[in-house]
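First up is the structure itself, then whatever we jot down about it.
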Protein chains: 2
Amino acid sequence: MIKNIRNYKQTLVYGISLAVLLLLLRWLELRYVILAHSFEIYAGVIAVLFTALGVWVALKLNKPQVLTKVIEKEIYLTAAANFVLNEQQLAKLKLSARELEVLQLMAVGKSNQEIADQLFVSLNTIKTHSSRLFEKMDVKRRTQAIELGKKLSLIP
Amino acid sequence: MIKNIRNYKQTLVYGISLAVLLLLLRWLELRYVILAHSFEIYAGVIAVLFTALGVWVALKLNKPQVLTKVIEKEIYLTAAANFVLNEQQLAKLKLSARELEVLQLMAVGKSNQEIADQLFVSLNTIKTHSSRLFEKMDVKRRTQAIELGKKLSLIP
DNA sequence: CTTAAAATCACCCTAAAGTATGAGGCTTTT
DNA sequence: AAAAGCCTCATACTTTAGGGTGATTTTAAG
């Protein structure tokens with residue numbers, strides 16, 4: 001049924017309309033008493049008029065249905081903010097743990113010597129790691145490895 | 001008004017209801033003729049009943065009004081998908097157009113020689129550009145320049 | 001226990017990257 | 001017109017990166 005009558009204005013309008021119609025009918029009754037036994041017609045007119053009134057009121061009071069529409073809002077983040085390692089790609093390239101570690105350090109701009117120092121191994125070790133890394137990733141330079149690594153979500 | 005009558009079923013129901021009500025009123029009329037001058041009451045009953053009928057019919061036939069409520073859903077994209085150059089940072093670092101160009105090519109893994117070939121200048125020119133670039137960005141290596149450049153949205 | 005992969009390191013060599021300095025030509029600004 | 005900044009190029013030099021080969025030790029898997 002009709003719930004939540006939003007404003008009293010429409011209720012008032014309805015009441016006034018009803019009164020006016022009743023008065024109109026009353027006036028018609030007094031004026032055309034001649035038409036005896038026109039009761040059915042009279043009732044029919046009332047029925048039609050008030051049906052229309054009911055329809056109008058209902059349409060006025062009918063509260064619109066709320067349909068929630070989800071709109072995708074694009075939010076731009078740096079890739080690092082929510083990085084998840086792509087383990088499928090990692091497995092596909094068969095990168096070892098150490099090689100990935102070296103790649104990560106390369107990506108943040110460290111030199112081979114700095115990587116060696118940080119991992120407590122020799123410079124030569126890092127060179128062999130990087131060589132294997134480039135071979136497995138099929139790249140020629142560390143910058144390409146970094147670019148590809150980011151593209152494949154191997155590094156942030 | 002009422003548009004788009006969706007099925008004839010409801011129209012039929014309305015018609016039958018109207019007929020039933022009229023018959024009911026007719027029956028009441030025959031049964032309680034004793035109540036003379038109850039015409040106004042009679043009319044009022046008709047009015048109320050048909051108003052209610054009108055309301056019911058209107059609600060049935062009225063296509064539910066749709067009010068779309070927009071809910072924003074956050075979608076996370078990689079920064080590269082829609083890169084916008086950070087011109088404030090670019091101005092702050094005072095990078096020249098050529099230097100930025102070199103940085104961009106570095107970032108995609110090109111060697112100095114490849115950059116030189118692509119820009120139709122000599123290798124020495126690229127070296128000069130890169131040196132100035134590193135100086136302005138306060139970095140030591142191209143990998144650091146790339147990392148910083150991405151962080152500052154100078155490159156995708 | 002044996003085998004394979006991974007990690008480590010060394011040596012040598014070449015290629016690439018990066019630094020320093022100087023300089024000429026061009027455009028814009030003062 | 002002069003100054004400043006940019007682009008260009010060169011030469012010389014140092015440092016770093018990368019390739020190739022070989023070898024030892026650890027570790028993981030069968």
Side-chain angles (χ1 to χ4, degrees), chain A residues 85-152 154-155, chain B residues 85-152 154-155:
Chain A
L85 199 153
N86 187 339
E87 302 197 40
Q88 287 76 38
Q89 283 292 347
L90 191 65
K92 193 180 290 180
L93 294 176
K94 294 181 181 175
L95 298 190
S96 74
R98 213 51 162 169
E99 287 158 357
L100 180 62
E101 210 171 354
V102 169
L103 178 60
Q104 290 169 343
L105 293 172
M106 279 180 175
V108 295
K110 307 231 176 193
S111 69
N112 286 342
Q113 186 60 62
E114 288 171 342
I115 297 171
D117 293 345
Q118 182 165 339
L119 299 183
F120 301 106
V121 295
S122 81
L123 173 61
N124 286 313
T125 303
I126 299 303
K127 285 190 177 184
T128 49
H129 281 321
S130 63
S131 281
R132 296 240 170 84
L133 181 64
F134 300 156
E135 200 176 336
K136 288 181 181 179
M137 294 182 82
D138 195 28
V139 296
K140 289 179 179 176
R141 285 174 283 280
R142 51 173 55 228
T143 49
Q144 289 182 347
I146 293 167
E147 173 80 352
L148 182 59
K150 294 204 175 197
K151 191 175 290 179
L152 300 182
L154 301 174
I155 48 178
Chain B
L85 199 153
N86 187 338
E87 302 198 39
Q88 288 76 37
Q89 283 292 345
L90 191 65
K92 194 180 290 180
L93 294 175
K94 295 180 182 175
L95 298 189
S96 74
R98 215 52 162 166
E99 286 159 359
L100 180 62
E101 210 171 354
V102 169
L103 177 60
Q104 290 169 343
L105 293 172
M106 280 181 174
V108 295
K110 305 232 176 193
S111 69
N112 285 343
Q113 186 61 62
E114 288 170 342
I115 297 172
D117 293 344
Q118 182 164 341
L119 299 183
F120 301 104
V121 294
S122 79
L123 174 61
N124 286 314
T125 302
I126 299 303
K127 285 190 177 185
T128 309
H129 284 319
S130 64
S131 279
R132 295 243 170 83
L133 181 66
F134 299 157
E135 199 177 336
K136 288 180 182 178
M137 295 182 82
D138 194 29
V139 297
K140 290 179 180 175
R141 284 174 283 280
R142 52 172 59 253
T143 49
Q144 289 180 349
I146 293 167
E147 173 80 352
L148 182 59
K150 295 204 173 195
K151 192 176 289 178
L152 300 182
L154 301 176
I155 48 177

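None of the values given here were measured: they were computed from a predicted structure. Computed over heavy atoms, backbone and side chain alike; hydrogens, waters and symmetry mates excluded. Chain naming here is simple, since letters A, B, ... match the order of the sequence lines and numbering starts at 1 in each.
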| message | Let's go through A:Lys150 and B:Glu147 carefully: what are the C-alpha distance in whole Å and the side-chain angles of both, what is the deciding distance for salt bridge (charged side-chain N to carboxylate O under 4.0 Å, His left out) to 0.1 Å, and is it a yes or a no? | response | CA-CA 11 Å; A:Lys150 294 204 175 197; B:Glu147 173 80 352; 3.6 Å; yes
| said: Assess the residue pair B:Arg141 and A:Arg142 against the criterion (side chain to side chain contact (heavy atoms under 4.5 Å, CB included)); give the C-alpha distance rounded to whole Å, side-chain angles, the decisive distance to 0.1 Å, and a yes or no. | reply: CA-CA 12 Å; B:Arg141 284 174 283 280; A:Arg142 51 173 55 228; 5.9 Å; no
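The nearest whole Å value for the distance from the CZ atom in B:Arg141 to the C1' atom in C:dA16 is 15 Å. For B:Lys140 and D:dT14, the NZ to C1' distance is 15 Å, given to the nearest whole Å.
Here the CD1 atom belonging to A:Ile126 is positioned 5.0 Å from the CG atom belonging to A:Leu119, to the nearest 0.5 angstrom. Distance check, rounded to the nearest 0.5 Å: CZ of B:Phe134 to NZ of B:Lys140 gives 13.0 Å.
Panel note: side chain A:Lys136, backbone A:Lys94; a donor-acceptor pair is recorded below 3.5 Å.
Interface residues of residues 102-138 of chain A facing DNA chain D, ordered by number: A:Ser111, A:Asn112, A:Lys127, A:Ser131, A:Phe134; criterion, heavy-atom separation under 4.0 Å.
The side chain of B:Arg98 places no N or O atom within less than 4.0 Å of a non-bridging phosphate oxygen (OP1 or OP2) of D:dC6.
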